[in-house]
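Proteins get letters first, then strands, A, B, ... in listed order; numbering begins at 1 in each.
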Amino acid sequence: MVQLTAGCCYRLSQASPDDEELFNGPHTVQFLSIKKVNAVNPGGVDRFRIIMSDGINFLQAMLATQLNGMVNDQTIGKHTIAVIEKLTCNYVQEKRLIIILALRVLETTAEKIGEPKPIIESADPPQNIPSVPTPAPVAASSSLKSSFQHQQSNNPAPPTRAGRGSIFPIEGLSPYQNNWTIKARVTQKSDIKTWSNARGEGKLFNVTLMDETGEIRGTGFNLAVDELYPKLEEGKVYYISKARVNLAKKKFSNLTNDYELSFERNTEVEECHEVTNLPMVKYHFVQLSGLEELPKDSICDVIAIVKEVAPLSEIISKQTSKAITKRELTLVDQSGYSVRITLWGKQAEQYNAEDSPVIAFKGVKVGDFGGRSLSMYSSSTMAVNPDIEECFALRGWFDSIGAAQSFQAHANTGGGMMSGFKRAEMRSIQEVKEAQLGQQDKADYFSMRGTIMHIKADNICYPACPTAGCSKKVIDVNGSWRCEKCNKSFDAPEYRYIMSLAVADWSGQAWLQGFNDVGVAVFGMPANDLVEIRDNNEAKFNVILHKANCTTYNFACRAKQDEYNGTMRTRYGISSISPLNYKEEAMALRDQLQSNWAR
DNA sequence: CCCCCCCC
């Protein structure tokens with residue numbers, strides 16, 4: 001019978017940030033629940049919240065992202081008994097956040113042990129457990145002598161690790177934390193970029209820093225560029241302290257950290273020469289077939305065989321009118337899908353891998369050209385034939401069977417226009433507006449679920465040419481309906497709907513424009529019938545219009561800007577409307593419940 | 001303090 005470490009939850013709930021002994025465990029606990037918490041940036045890495053119990057109390061903790069695999073492959077789940085071998089405590093304002101960094105599973109099929117209770121602040125500690133050890137004093141980390149100033153001053157003494165406090169996990173960094181030192185590998189270093197705008201000019205560079213617990217972006221401006229750009233080398237490991245921790249601007253970051261570092265004048269950077277087992281890169285690969293599930297503009301990692309390499313070419317940026325070199329690679333993987341990825345600038349020019357290599361891409365952008373496409377950011381990395389398991393598997397697969405097979409490209413759904421409702425691409429009205437979809441001189445496509453609040457009653461349909469495929473408006477010329485396009489006249493027009501719907505979801509309201517198919521779906525009758533009702537029985541017409549309200553549909557929409565009366569406006573066109581499909585929805589929810597995060 | 005990541 002496994003013995004839980006009674007009292008460890010209470011002790012952790014009282015821990016101070018430097019309580020090393022307590023953080024290194026081991027604590028034998030049982031997981032009462034593991035739940036995925038709100039998704040971060042699209043395509044980002046999941047975060048899992050764990051309720052753990054010591055049999056007496058339970059306590060909430062977060063799983064460090066590098067342990068996500070244990071949830072995904074069901075190594076851990078509800079009622080798993082595990083030994084926590086390392087954790088850290090992060091203080092966000094008044095709240096204490098416990099992050100599990102390392103664990104070992106003891107039992108997976110246990111029953112719930114005991115009747116653990118929540119920890120009530122100010123309550124006495126539970127009885128009959130070992131007393132809480134006194135926290136060790138914080139080791140000072142300020143003895144490091146490697147800031148810019150120190151280097152410039154005449155101080156040749158090499159910094160020593162001995163006087164330093166413990167190394168802080170990147171995962172635990174926050175603006176509320178001071179006196180930290182991280183030990184991290186530079187996994188990516190940008191070129192030096194210069195800018196010049198209304199607010200001034202300058203130069204900057206950034207790096208991606210990684211340890212076992214996570215990644216964080218670091219940026220150096222101006223003086224910090226001169227000082228640190230040559231010092232920080234890609235692939236090397238450094239001790240870094242006294243950088244400023246800022247909120248990351250999610251929009252521009254492809255990392256899953258809420259924060260980023262700004263290198264300041266007194267920031268200390270010192271290379272770590274010891275052998276370390278810090279991983280080189282952490283990947284969260286998606287299969288090429290799975291790209292369809294990711295929203296446009298999300299960021300992902302892929303590993304694939306380069307099946308084709310296009311020659312270097314050049315485009316002119318519409319934004320800057322500058323020429324930019326690019327190169328396109330066609331990637332394939334075991335999912336049977338192929339996708340094109342674009343390399344830019346230096347990466348395009350210097351690409352010279354041969355013989356269908358395996359390449360692992362990290363932090364690439366998902367586009368929707370040709371259904372799905374990929375594009376490198378300057379912060380994206382690519383590793384040719386990396387020394388990882390996934391690479392060996394791909395190599396073996398391709399050399400044995402993959403090379404001879406054909407691949408499925410992602411398709412533009414609905415023949416050029418995205419026409420179908422896609423659950424994975426659902427946006428709220430608020431998101432559509434905030435993301436300014438359709439406002440960049442091009443059409444953007446999205447799916448949404450919304451409820452009709454109001455239908456504009458005037459001009460609900462127009463008299464159209466009955467010729468198949470024409471649908472042009474016809475004009476009443478003395479009782480005869482004339483089509484200019486077909487150069488024909490008809491006894492009667494065929495009415496077609498032209499709809500303006502006020503549609504709302506939980507986040508807001510928008511006007512959607514729809515054509516004949518939308519009207520038929522909403523009213524359940526052709527426009528000719530509705531016109532007849534309108535002209536003969538206005539009360540009945542009003543009832544039909546009214547009854548159509550408060551009905552919820554799945555919409556596929558196209559957002560595009562146009563000019564109207566001299567001003568620009570954004571129009572949302574409905575490319576498909578469908579009633580809610582409860583079975584399909586239930587199945588999708590069932591799949592979510594069965595997925596790893598729901599347990 | 002940047003934050004552009006391009007084209008078809």
Side-chain angles (χ1 to χ4, degrees), chain A residues 41-43 188-208 216-229 243-255 257-265 267 296-300 308 310-330 338-351 361-382 409-412 416-418 434-436 440-445:
Chain A
N41 47 328
Q188 185 268 137
K189 183 171 89 163
S190 74
D191 294 335
I192 295 172
K193 290 174 267 189
T194 56
W195 82 88
S196 172
N197 60 26
R199 267 175 277 173
E201 55 186 55
K203 58 184 173 183
L204 74 121
F205 78 106
N206 29 54
V207 289
T208 304
I216 194 163
R217 192 162 96 131
T219 305
F221 291 97
N222 303 321
L223 269 179
V225 176
D226 302 335
E227 208 53 54
L228 294 179
Y229 189 81
R244 198 168 59 188
V245 185
N246 295 323
L247 262 185
K249 286 164 198 160
K250 283 283 173 195
K251 201 179 165 191
F252 306 116
S253 174
N254 55 7
L255 303 181
N257 203 311
D258 289 339
Y259 305 108
E260 58 186 30
L261 297 180
S262 176
F263 301 138
E264 307 293 317
R265 283 190 66 81
T267 294
K296 172 173 150 56
D297 296 333
S298 59
I299 284 163
C300 69
E308 283 166 45
L312 198 65
S313 65
E314 201 175 81
I315 58 129
I316 306 294
S317 163
K318 279 181 184 166
Q319 298 266 328
T320 62
S321 305
K322 279 187 192 159
I324 302 139
T325 49
K326 69 157 194 172
R327 187 192 298 276
E328 246 160 34
L329 310 180
T330 303
S338 70
V339 73
R340 281 161 41 177
I341 184 165
T342 309
L343 276 48
W344 302 98
K346 229 187 269 176
Q347 270 171 323
E349 290 157 30
Q350 291 169 358
Y351 181 89
F361 293 90
K362 182 172 167 55
V364 295
K365 178 177 138 165
V366 177
D368 61 0
F369 187 74
R372 274 293 175 267
S373 58
L374 296 171
S375 175
M376 295 280 279
Y377 281 111
S378 63
S379 59
S380 309
T381 61
M382 47 184 278
H410 287 279
N412 272 324
M417 264 207 285
M418 297 251 289
E434 277 176 6
Q436 307 192 338
Q440 266 80 252
D441 276 348
K442 66 176 175 68
D444 287 314
Y445 300 90

### Task
For R340(A), answer base if it contacts any base atom (sugar-phosphate contacts may also be present), sugar-phosphate if it contacts only those atoms, and nothing otherwise; contact means non-hydrogen atoms under 4.0 Å.
base
### Task
Assign T342(A) to base, sugar-phosphate, or nothing according to its heavy-atom contacts below 4.0 angstrom with the strands shown.
base
[atom1] of [X] versus [atom2] of [N]: gap in Å, rounded?
X	N	atom1	atom2	answer
D368(A)	dC7(B)	CG	P	12 Å
L374(A)	dC6(B)	CG	P	12 Å
K193(A)	dC6(B)	NZ	P	14 Å
L204(A)	dC4(B)	CG	P	12 Å
K365(A)	dC5(B)	NZ	P	6 Å
L261(A)	dC3(B)	CG	P	20 Å
D297(A)	dC5(B)	CG	P	9 Å
I315(A)	dC7(B)	CD1	P	6 Å

### Query
Do F369(A) and the base of dC8(B) stack face to face, with centres under 5.5 Å apart and an angle between planes under 30°?
yes
### Task
Output yes if the stacking criterion (under 5.5 Å between centres, under 30° between planes) is met for F221(A) over the base of dC1(B), else no.
yes
Does [N] have OP1 or OP2 sitting under 4.0 Å from an N or O in the side chain of [X]?
X	N	answer
K318(A)	dC8(B)	yes
S317(A)	dC4(B)	no
W344(A)	dC5(B)	no
K203(A)	dC1(B)	no

## Note on the structure
Heavy-atom closest pair (Y351(A) atom, L329(A) atom, distance to 0.1 Å) is CE1-CD1, 3.8 Å
### Side chain E201(A) and base dC2(B) donor-acceptor under 3.5 Å
no
### Query
Is there a donor on the side chain of R199(A) or the base of dC2(B) sitting less than 3.5 Å from an acceptor on the other?
no
### Message
Could you tell me if the side chain of R217(A) sits less than 4.5 Å from the side chain of V207(A), heavy atoms only?
### Response
no
### Task
Please answer whether the main-chain N or O of S262(A) pairs with a side-chain N or O of T219(A) as donor and acceptor at a distance below 3.5 Å.
no
### Message
Run T381(A) and Q188(A) through side chain to side chain donor-acceptor pair (under 3.5 Å) and show every step you take.
### Response
CA-CA 7 Å; T381(A) 61; Q188(A) 185 268 137; over 6 Å; no
### Query
Are D444(A) and K296(A) close enough for a salt bridge, meaning some N to O gap below 4.0 Å?
no
